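Model, not experiment: these values are computed from the prediction. Throughout, a chain's letter reflects where its sequence line sits, starting with A, and its residues are numbered from 1.
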Amino acid sequence: MKLYGFPKRERLRSQKFIQELFEKGSSLFLYPFKIVYLLAASKPILSAPFPQVLISVPRKHFRRAHDRNLIKRRCREIYRLYKPEWLAKKQTLPALLAIIYLGKQHEPFAFMQKRLITLLNQVNCCPYEKTCETEPPPPKVS
RNA sequence: AAGGCAAGCUGUCUUAUCGCGGCUGUCUCUACGGCAGACGAGGAAAGUCCGGACAACACAGAGCACCGUACCACCUAACGGGUGGGGGGCAGUGACGCGAGUUGCUGCUCACAGAAAGCGCCACAGAAAACAUACCGCCUGGUAGCUACGAGUUAGCCGCUAGGUAAGGGUGAAAAGGUAGGGUAAGAGCCUACCGGGCAAGCGGUAACGCUUGUCGCAUGGCAAGCCUUACGGGUUGAAAGACCAAAUAGGCUGGAACGUAGCCCAAAGCUACGCGGGUGGCUCGUCCGUAGUGCGCAAGCGCUGUUCCAGUGGGUGGGUCGUUAGAGGCUGUCGGUGACGGCAGUCCUAGAUAAAUGAUAAGACUCGACAGAAUCCGGCUUAUAGGCUUGUUUUCCAC
RNA sequence: GCCGUUGUAGCUCAGUGGUAGAGCACUUCAUUGGUAAUGAAGAGGUCGGCAGUUCAAUUCUGCUCAACGGCU
């Protein structure tokens, strides 16, 4: 399997999973990103150990399809390149993940990269053992 | 050479690494797999403003309603698009004429059928805004009063009254042909000439229309992107159309509506007519489909089963395949045409996703990169757009 | 992808081919010891934008921008 790949099975496409994610999932925010994640889905995920990921840019902030496409592609690149390192760091990853760009304007790629990686590192992957990481536990958003 | 304007064309490139989409080939651990290969957004992909193809509604018929189009001819699959032509309007400039005005050239521009078919509207101002009218005026007759002297059938001033006028004034976006002259109490197409206009004929043109001649004193303002009239066109809904696979809009349950009458000797079956219900999505007609069986009762009627349709309930799905990309296709040459475009020959095939594929990093080049991302497919229109190229035209400068 | 609706004062809305209004809010004055309420006066508008039709457009027509809704 390709190390840095992002094949179709790692993309979140099922309407049922998406509904489950936004109903039960936890969310974190760091400008300009918001992420929603769910540690375990009701059915097994085909892409294990990696999550199924959904990337979204609201039409309300970016009217032109060209702008939305560009931001989604950059987000996907950031996630794709960081994915193996993230797994090595956390050992277990969420099952479902949504990355939503809430900024109202374009940001430089390096800035986006730094912020999204910081945000991904804040995800608490071990809900049963609170102190599995050296960092302090992230604020739980209900 | 530079700048402006118009029309047309074009729409950053190269290498490496990682990554994405379907396709083809191949490998095996047979799966949402690995490897390799070539291919992979636009001139507007956009807005969804028009027109088609295609599909479903059984067939897609007629009339009304509704909607759209509107100088003429042609192009086209079709169009509200395009090409060519006609006619206006505006600006600049020249010529003719005393003037009203006419006309040449150049540029821009026009949603450009009908206002003597009818209805409606035209604020304010103004006398009057549409079968014209008469405020200030002008002129004539009659007449109360006053003044003057030439003492009158006088002249003037200021009123009243009966008329004649539409020249001048003023209002307005718009005032009922204009200019010049005659004419008159004053005036007036009242008359004449010219200009403008209406009507008719002839000629030219496929036509829009143009030209010429005659005739009419001129007889009816604007708005139809107000209603409307005329001509022509439009059945409705859109790929979330639709077809197929799997148990899969099938089957179940509840409620409601229709299943009638007459004729062909009688019964059965069938047919016909008038009804009733429905397809039919604006209405009507036509057309099409259904209108069955049975129990009780003398009958009216009541009930059961069934068929068709409607409404609800409940269950199930929210998957796959096709439609889905080779087409009114592109390019080159040649022929026809003023042109849009068409004929013929050769050649090329180059996105096809479905939570939805083109990006990131590094290096380099130059003019330093604008607007911007396919979703059934085509033809247009409109809107956004950095830079570059070509052609035409005009202005300035330089050289000969 | 397809089909619609709406843009008028700070806010909520009328309006119609002829000088743009109502309620609330705002400002000033009166009233009160003071505030509220009340009364009087006042200010505030490129009628989303650009063209066109018309003598005249917020209204009619075309294009455009923005906001919102519906259809699997």
Mate of [N] where both pairing distances stay under 3.5 Å, Watson-Crick or G-U:
{"N": "rC304(B)", "answer": "rG293(B)"}
{"N": "rA6(B)", "answer": "rU391(B)"}
{"N": "rC20(B)", "answer": "rG40(B)"}
{"N": "rC203(B)", "answer": "rG210(B)"}
{"N": "rC160(B)", "answer": "rG142(B)"}
{"N": "rA148(B)", "answer": "rU154(B)"}
{"N": "rC253(B)", "answer": "rG312(B)"}
{"N": "rU184(B)", "answer": "none"}

Side chain of [X] - closest among [options]:
{"X": "Lys8(A)", "options": "rA67(C), rG359(B), rA353(B)", "result": "rA353(B)"}
{"X": "Arg63(A)", "options": "rA67(C), rG373(B), rG359(B)", "result": "rA67(C)"}
{"X": "Arg74(A)", "options": "rA360(B), rA67(C), rG21(B)", "result": "rA360(B)"}
{"X": "Arg64(A)", "options": "rU361(B), rC20(B), rG373(B)", "result": "rG373(B)"}
{"X": "Arg80(A)", "options": "rG19(B), rA355(B), rA374(B)", "result": "rG19(B)"}
{"X": "Leu81(A)", "options": "rC20(B), rC18(B), rU361(B)", "result": "rC18(B)"}

Q.
Can you check the distance between rC368(B) and rG42(B), where both ends of the measurement are the C1' atom (answer in whole Å)?
A.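 rC368(B) and rG42(B) have their C1' atoms separated by 23 Å.
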Q | Inter-nucleotide C1' distance (rG97(B), rG126(B)), Å rounded | A | 38 Å
(Q) Pairs counted only when both distances fall under 3.5 Å, Watson-Crick or G-U: show me the 5' to 3' dot-bracket for RNA chain C, [ ] for pseudoknotted crossings and | for other-strand partners. (A) (((((((..((((....[..)))).(((((.......))))).....(((((..]....)))))))))))).
Q.
Does rG89(B) count as syn, meaning its glycosidic angle lies within 90° of 0, or as anti?
A. anti
Q. Just how far, in rounded Å, is P of rC18(B) from CZ of Arg76(A)?
A. 17 Å
Q.
In whole Å, I'd like the distance from the CG atom of Asn69(A) to the C1' atom of rG42(B).
A. 14 Å
Q | Heavy-atom donor-acceptor pair, Arg73(A) side-chain to rG373(B) base, under 3.5 Å | A |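 Looking at the base of rG373(B), it does pair with a donor or acceptor on the side chain of Arg73(A) (distance under 3.5 Å).
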Q) Do Lys72(A) and Tyr101(A) meet the cation-pi criteria used here (NZ or CZ under 6.0 Å from the six-membered ring centre, within 45° of the axis)? A)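 Output no; distance or angle outside limits.
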**Q.** No-hydrogen, no-angle side-chain donor-acceptor test under 3.5 Å, Glu107(A) and Tyr31(A)
**A.**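 Yes, because at least one side-chain N or O of Glu107(A) sits under 3.5 Å from a partner of the opposite role on Tyr31(A).
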